[in-house]
There are 2 protein chains.
Amino acid sequence: MSPKRGVAPLRRAEIVRATIRCLARDGYSGLTMKKVAREARVSQGILHYYYADKRAILVAALETVTADLDRRVALAQARGGRGARARLLALVGACMRLAVEERAFWIVFVEFWGEMMHDRRLREINAVLYARMRRQIGAVVAHGIRAGVFRRVDVLRAAAVILAVVDGISLQLTFDPAAFRVGDATRFCGDAVLRYLAKEAS
Amino acid sequence: MSPKRGVAPLRRAEIVRATIRCLARDGYSGLTMKKVAREARVSQGILHYYYADKRAILVAALETVTADLDRRVALAQARGGRGARARLLALVGACMRLAVEERAFWIVFVEFWGEMMHDRRLREINAVLYARMRRQIGAVVAHGIRAGVFRRVDVLRAAAVILAVVDGISLQLTFDPAAFRVGDATRFCGDAVLRYLAKEAS
């Protein structure tokens, strides 16, 4: 492996981390290549060598925070019970804690939503990401149906609803921390998701 | 009433409509006072007389789209049944249709979310708006509990969950129209909300 191939991933990771700090402070509307270069302690020439523009760094930042969220969900699920209910609650809890405890990471998702609204390519990237998340959540729902703890539902539509609850409540938590605490929100979202999937009384 | 008082609200409304068109096209990150002035066919001097900066126009745009959403919800509820279930389904349907049929209006909400993440005053404005929406939805939920069609729930937490489902699915609809159609999404969200509030089998 050439030295350059060894250094590039580290340099890219540093630039992405610096971008995430800039986004949390100034938002995407206030993000400039100059600010990212300064925050990452690289020249603008080096920065442009790795990323063509701020949009390219936003995409890289989304990949980073998504990979981080995947790790958090996997860790929470590994720590908890192996049943479908426990795995679903672990997923809900891990997502909500990200929004509150790693606010800068959550901001990347929200800024991406704003930018994609007028950028088809960003919408396509987000559509791929959400399709994958719906499949992941859907696999847990399908597991619960097979185990007889959830009712028979359209798995991908159910996953869309669960993802919506998690996104929507995470959003409310971030601008309105006085409304409810993260532990409370995790409980009532978990309860909402389990009631939604509960089997009808037979 | 002086002529100025008569003209100012019209002029403001024109500026806000122009801003909404600019936001839909370029996003908040691409919004400039110059572009708004051109789109609204006013001088930059006139624009600055009404609004200090683009942040002030974003706040005015949020007020406009919120008032429009209120009218849509009231109209949908007036057209449908008077029971709590029908009123809740009318609300869910009206919100989802806004995201798809008045995409430019929905974009204002999403852009506002991005900007508020690093702007405390915008978060406070959104917190007031969401507290009001939770009270409105909560009133319908309370009505259903009194009428015996919904289970006894914490009304504001239930309203937060319902609002989350609507926001989250609206968001998924806007970047991933291939995943499901608005009519389908309205049905499965309505179903999710009613199941969540359904009384336990006694």
Side-chain angles (χ1 to χ4, degrees), chain A residues 23-31 54 103 106-107 110-119 122-127 130-131 134 151 154 156-158 160-161 163-172 174-180 184-185 188-189 191-193 195-198 200-202, chain B residues 23-31 54 103 106-107 110-119 122-127 130-131 134 151 154 156-158 160-161 163-172 174-180 184-185 188-189 191-193 195-198 200-202:
Chain A
L23 278 173
R25 198 176 54 221
D26 307 321
Y28 189 75
S29 65
L31 192 76
K54 69 178 203 168
R103 190 180 173 84
W106 171 241
I107 288 176
V110 181
E111 292 284 352
F112 200 91
W113 297 344
E115 275 306 293
M116 78 181 174
M117 295 306 286
H118 55 95
D119 187 323
L122 296 185
R123 285 200 294 280
E124 287 168 0
I125 290 170
N126 216 45
Y130 269 67
R134 285 194 295 258
R151 66 188 169 91
D154 177 305
L156 290 183
R157 284 183 173 73
V161 168
L163 199 47
V165 170
V166 168
D167 276 345
I169 294 291
S170 296
L171 190 70
Q172 291 178 48
T174 46
F175 63 80
D176 200 0
F180 19 72
D184 181 29
F188 73 71
C189 281
D191 173 68
V193 164
R195 279 184 182 273
Y196 166 60
L197 293 173
E200 280 106 28
S202 54
Chain B
L23 278 173
R25 198 176 53 220
D26 307 320
Y28 189 75
S29 65
L31 192 76
K54 69 178 203 168
R103 189 180 174 85
W106 170 241
I107 289 178
V110 181
E111 291 284 352
F112 201 92
W113 297 343
E115 276 307 293
M116 77 181 175
M117 296 307 286
H118 55 95
D119 186 324
L122 296 185
R123 285 200 294 280
E124 287 168 0
I125 290 170
N126 215 46
Y130 269 68
R134 284 194 296 258
R151 66 188 169 92
D154 177 304
L156 290 183
R157 283 183 173 74
V161 168
L163 199 47
V165 170
V166 168
D167 276 346
I169 293 291
S170 296
L171 190 70
Q172 291 178 49
T174 47
F175 63 81
D176 200 359
F180 19 73
D184 181 30
F188 72 71
C189 281
D191 172 69
V193 164
R195 279 182 181 274
Y196 166 61
L197 294 173
E200 280 106 27
S202 54

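First the proteins, then the strands, lettered A, B, ... as listed; each starts at 1.
Contact check for A/T174 versus A/S170: no side-chain heavy atoms found under the 4.5 Å cut-off.
Contacts with chain A were tallied for B/V193, B/V165, B/I169; B/I169 has the most, counting heavy-atom pairs under 4.5 Å. Your options are B/A164, B/A131, B/G168, and the one with the most heavy-atom pairs under 4.5 Å with chain A is B/A164. Considering only heavy-atom pairs separated by less than 4.5 Å from chain B, the leading option among A/A178, A/S29, A/A179, A/A185 is A/S29. Per-residue heavy-atom pair counts under 4.5 Å with chain B were compared for A/L156, A/V166, A/L171, A/L31, and the maximum is reached by A/L171. Ranking B/D167, B/N126, B/V161 against chain A, the residue ahead of the rest is B/N126, based on heavy-atom pairs under 4.5 Å. Counting heavy-atom pairs closer than 4.5 Å to chain A, the top-ranked of the candidates B/A160, B/C189, B/A192 is B/A160. Comparing B/R134, B/K54, B/E115 by heavy-atom pairs within less than 4.5 Å of chain A, the highest count is held by B/R134.
Only the side chain of B/D191 comes within contact range of chain A, with heavy atoms under 4.5 Å apart. Proximity to chain A (any heavy atom under 4.5 Å) is restricted, for B/F180, to the side chain, taken from C-beta onward.
Between B/H118 and B/R123, the closest heavy-atom pair is N-NH1, 3.9 Å. Minimum interatomic distance between B/L23 and B/E111 (heavy atoms only, all atoms of both residues): CD2-CG, 4.3 Å. Of all non-hydrogen atoms in B/M117 and A/R103, the two that sit nearest each other are O-NH2, 3.5 Å.
For B/R25, the salt bridge (charged side-chain N to carboxylate O under 4.0 Å, His left out) partners two or more places apart in sequence, or in a different chain, are B/E39. Looking at residues two or more places apart in sequence or on another chain, you find a salt bridge (charged side-chain N to carboxylate O under 4.0 Å, His left out) between B/R157 and A/D184, B/D154.
Partner of B/W106 under the ring-ring contact (aromatic ring centres under 6.0 Å, His included) criterion, chosen from B/F112, B/F175, B/W113: B/W113.
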